[in-house]
Amino acid sequence: MKLITILLLLLLPVGEAFAQHQHGAVSPVPTPAKKPLLENSKGGKVEYHLYVNDTLANISGKKKVSALAMNGQIPAPTLHFTEGDTAVIHVHNLMHHETSIHWHGLLLPNKEDGVPYLTTAPVEPGGQYTFTFPLIQSGTFWYHSHTMLQEQSGLYGSIVIQPKKKVYEVDKEFVLLLSDWTDENPRRVLNALKRNDPASEWYSIKKGYAQSLDKLIQHKGLGNRLKNGWKRMPPMDLSDVYYAAFLANGKRKESIPDLKPGDKVRLRVINGSASTYFYLHGGAGKLELISSDGIDVKPIKIDRLLMGIAETYDFLLTVPKNKTMEFRATAQDVSGFASLYFGKGDTLSAAPIPRPNVWNMDEMMMSMAVNFPDRMNHSGMGEMDHSKMKMEPDEKQQPTAKPEK
């Protein structure tokens with residue numbers, strides 16, 4: 001009997017015999033032969049292949065940490081379409097855990113929305129799912145994982161859908177995908193936030209916003225703090241997390257190459273951050289806003305704009321003559337920024353935004369106004385009698401884009 005058993009084992013392929021002994025090991029995920037990112041873009045069908053995998057990345061410039069990449073890059077590739085196309089997107093999961101892709105802002109069939117266990121089944125380890133949906137809109141959008149905290153680790157990318165008939169003729173278009181990055185494990189960040197302990201101010205300390213008696217007195221916020229403490233309101237901050245870096249297309253600084261003075265640029269800006277609002281402002285005067293969340297608006301010129309998480313805005317910019325213009329995205333708590341540069345010559349830098357007075361909540365809230373045309377600049381204002389204000393503004397003075405949130 002023993003002889004028969006030995007002979008049978010010798011006849012088995014080595015791989016199969018070895019596999020029977022890997023009871024506690026994770027089996028390798030099969031890697032398919034990778035197809036090109038863009039496989040087919042004919043006849044109204046645009047077909048992409050996206051490969052999701054674990055990786056190590058030094059995004060902050062300080063150390064390598066665990067991250068997630070798509071087609072070997074962070075952020076994920078930009079997907080280009082034209083209104084009326086049919087999108088066919090193959091998502092290949094090369095990881096040992098499930099994933100998902102949500103198409104943020106797109107109007108599509110519910111089953112293709114990509115939210116796991118709600119609209120679409122997750123993409124299992126080693127598995128693949130093909131999303132197919134018509135594109136019935138145009139504009140600037142983005143996509144990201146809706147599984148666990150994968151978006152924070154790098155699974156996010158941009159989408160550009162050109163209209164059937166262009167409204168603006170420009171010399172170049174450019175996508176600026178903004179994000180925030182932590183070198184901490186995102187689960188650890190989440191656990192710190194869920195503790196909801198007002199005495200735990202580690203992130204505030206790292207940003208220089210720790211609450212203390214001397215700071216409250218220095219910034220004339222002691223009375224305000226006592227008033228809010230009576231209401232059981234914790235000390236104020238504008239962002240609950242300290243981030244190691246703020247990124248423009250995965251880098252602290254980005255530039256647009258091959259531009260000439262006078263060129264018109266359509267800048268498509270996406271806030272793909274996990275929890276950061278950004279002030280958008282430039283170094284060459286007002287910014288011309290032409291689109292909001294994929295919807296064209298009547299062009300409006302603004303000094304700066306506070307951009308919420310997951311929002312998209314399109315701007316028309318003109319390349320200055322013999323100058324380099326900075327387009328800056330500053331975190332709302334002014335703990336850092338990311339910049340885009342275009343043009344050649346001396347740099348027209350964006351003016352720094354003053355650090356908020358987080359020790360005096362009333363003053364801080366009054367100083368956060370955005371300068372829309374024909375609107376008051378509330379910064380530095382004292383008390384106002386709102387009862388004498390006209391509550392129904394003239395139609396001509398209504399902003400055509402969303403105000404600051």
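Since the structure is predicted, the reported quantities are computational estimates derived from the model, not experimental observations.
Contact between Pro354 and Val334 at its shortest, heavy atoms only, is O-CG2, 3.6 Å. Scanning all heavy atoms of the two residues, the minimum distance from Pro261 to Lys321 falls at CB-CA, 3.9 Å. Nearest heavy-atom pair, Asp171 versus Gly262, reported as atom, atom and distance to 0.1 Å: OD2-O, 4.4 Å. Among all heavy-atom pairs drawn from Glu98 and Met95, the shortest one is O-CE, 4.3 Å. When all heavy atoms of Asp183 and Lys62 are compared, the closest pair comes out as OD2-CB, 4.1 Å. Across all non-hydrogen atoms, the minimal contact from Gly154 to Trp181 is N-CZ3, 4.2 Å.
Under the 3.5 Å distance criterion, with hydrogens and angles disregarded, a donor-acceptor pair is assigned to the side chains of Ser158 and Thr78. Side-chain atoms of His281 and Thr330 include a donor-acceptor pair closer than 3.5 Å. With hydrogens and angles left out, the side-chain atoms of Thr347 and Lys323 include no donor and acceptor closer than 3.5 Å. For the 3.5 Å distance criterion, the side chains of Ser275 and Tyr243 qualify, holding a donor opposite an acceptor. Using a 3.5 Å distance cut-off with no hydrogens or angles, the side chains of Glu254 and Asn249 do pair a donor with an acceptor. A donor and an acceptor atom, one from each side chain of Ser339 and Glu326, are located under 3.5 Å apart. Side-chain contact of Thr99 with Asn93: a donor-acceptor pair under 3.5 Å is absent, judged by distance alone.
The CZ atom of Arg187 sits 13.0 Å away from the CD atom of Gln152 when rounded to the nearest 0.5 Å. Here CZ of Phe141 is found 10.0 Å from NE2 of His104. Values are rounded to the nearest 0.5 Å. Between Phe327 atom CZ and Leu348 atom CG the span is 14.5 Å, to the nearest 0.5 Å. Here Leu190 contributes atom CG and Leu149 contributes atom CG; the two are 5.5 Å apart, rounded to the nearest 0.5 Å. The distance from atom OG1 of Thr276 to atom CG of Asp240, rounded to the nearest 0.5 Å, is 10.5 Å. Taking CZ from Arg268 and CD1 from Ile159, the interatomic distance works out to 12.0 Å, rounded to the nearest 0.5 Å.
Here the side chain of Thr324 pairs a donor or acceptor atom with the backbone of Gly343 at under 3.5 angstrom. Between the Asp293 side chain and the Thr312 main chain, a donor and an acceptor come within less than 3.5 Å of each other. A donor-acceptor contact shorter than 3.5 Å is absent between the side chain of Asp85 and the backbone of Lys45. Without hydrogens or angle criteria, Asp113 side chain to Leu108 main chain gives no donor-acceptor distance under 3.5 Å. In terms of modelled atom types and a separation under 3.5 Å, the side chain of Thr120 and the main chain of Pro116 share no donor-acceptor contact. Under a 3.5 Å cut-off, the side chain of Gln150 and the backbone N or O of Leu68 do not form any donor-acceptor pair. Side-chain N or O atoms of Gln332 include none that pairs as donor or acceptor with a backbone N or O of Gly308 at under 3.5 Å. A donor-acceptor pair under 3.5 Å is formed between the side chain of Glu83 and the backbone N or O of Lys164. Within the 3.5 Å criterion, the main-chain N or O of Lys63 finds a donor-acceptor partner in the side chain of Asn58. Counting only distance, with no hydrogens or angles, the side chain of Arg252 and the backbone of Ser60 share a donor-acceptor pair below 3.5 Å.
Taking the six-membered ring where the residue is Trp, His144 and His146 present tilted rings, their angle falling between 30° and 60°. Using the six-membered ring where Trp is involved, Phe133 and Trp103 have ring planes that are tilted, between 30° and 60° apart. Note on ring orientation: taking the six-membered ring where Trp is involved, the planes of Phe246 and Phe278 are perpendicular (angle over 60°, cut-offs 30° and 60°).
The closest side-chain heavy-atom distance from Met307 to Val269 is below 4.5 Å. Put simply, the side chain of Ser153 reaches to within 4.5 Å of the side chain of Pro186, judged on heavy atoms. At a threshold of 4.5 Å between non-hydrogen side-chain atoms, the residues Phe315 and Val265 do not count as touching. Contact of the Ile270 side chain with the Val175 side chain is registered, since non-hydrogen atoms from C-beta on lie closer than 4.5 Å. Counting heavy atoms from C-beta outward, Val52 and His92 have side chains that stay 4.5 Å or more apart. Using a 4.5 Å heavy-atom threshold, the side chains of Ser273 and Leu178 count as separate. Contact of the Tyr143 side chain with the Tyr156 side chain is not registered, since no non-hydrogen atoms from C-beta on lie closer than 4.5 Å. A 4.5 Å side-chain heavy-atom check between Ser100 and Tyr129 finds every atom pair outside the cut-off.
Taking the six-membered ring for Trp and the full ring otherwise, the centers of Tyr48 and Phe131 sit at least 6.0 Å from each other.
By the 4.0 Å N-to-carboxylate-O rule, Asp303 lies close enough to Lys286 to be salt-bridged with it. Ion pairing of Lys172 with Asp263 is absent here, as no side-chain N (NZ or NE/NH1/NH2) approaches a carboxylate O to less than 4.0 Å.
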Please determine whether side chain to side chain contact (heavy atoms under 4.5 Å, CB included) holds for the pair Leu267 and Asp314, giving the CA-CA distance in whole Å, both sets of side-chain angles, and the decisive distance to 0.1 Å. CA-CA 6 Å; Leu267 183 62; Asp314 290 16; over 6 Å; no
Test Leu50 against Leu79 for side chain to side chain contact (heavy atoms under 4.5 Å, CB included), laying out the working first. CA-CA 10 Å; Leu50 302 176; Leu79 307 183; 4.2 Å; yes
Taking it one step at a time, do Arg266 and Ile290 satisfy side chain to side chain contact (heavy atoms under 4.5 Å, CB included)? CA-CA 9 Å; Arg266 181 172 187 147; Ile290 60 172; 3.9 Å; yes
Full working for side chain to side chain contact (heavy atoms under 4.5 Å, CB included) between Phe174 and Leu340: CA-CA 10 Å; Phe174 197 78; Leu340 168 71; 3.9 Å; yes
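Atom CD1 of Ile295 is surrounded by 12 or fewer heavy atoms from other residues, nucleotides or ligands within 6.0 Å. By the 6.0 Å contact criterion, NZ on Lys344 is open, its count of non-hydrogen atoms from other residues, nucleotides or ligands being 12 or less.
Each of Leu155, Thr55, Asn53 was evaluated against Met70; a single residue qualifies, Leu155, per the side chain to side chain contact (heavy atoms under 4.5 Å, CB included) test.
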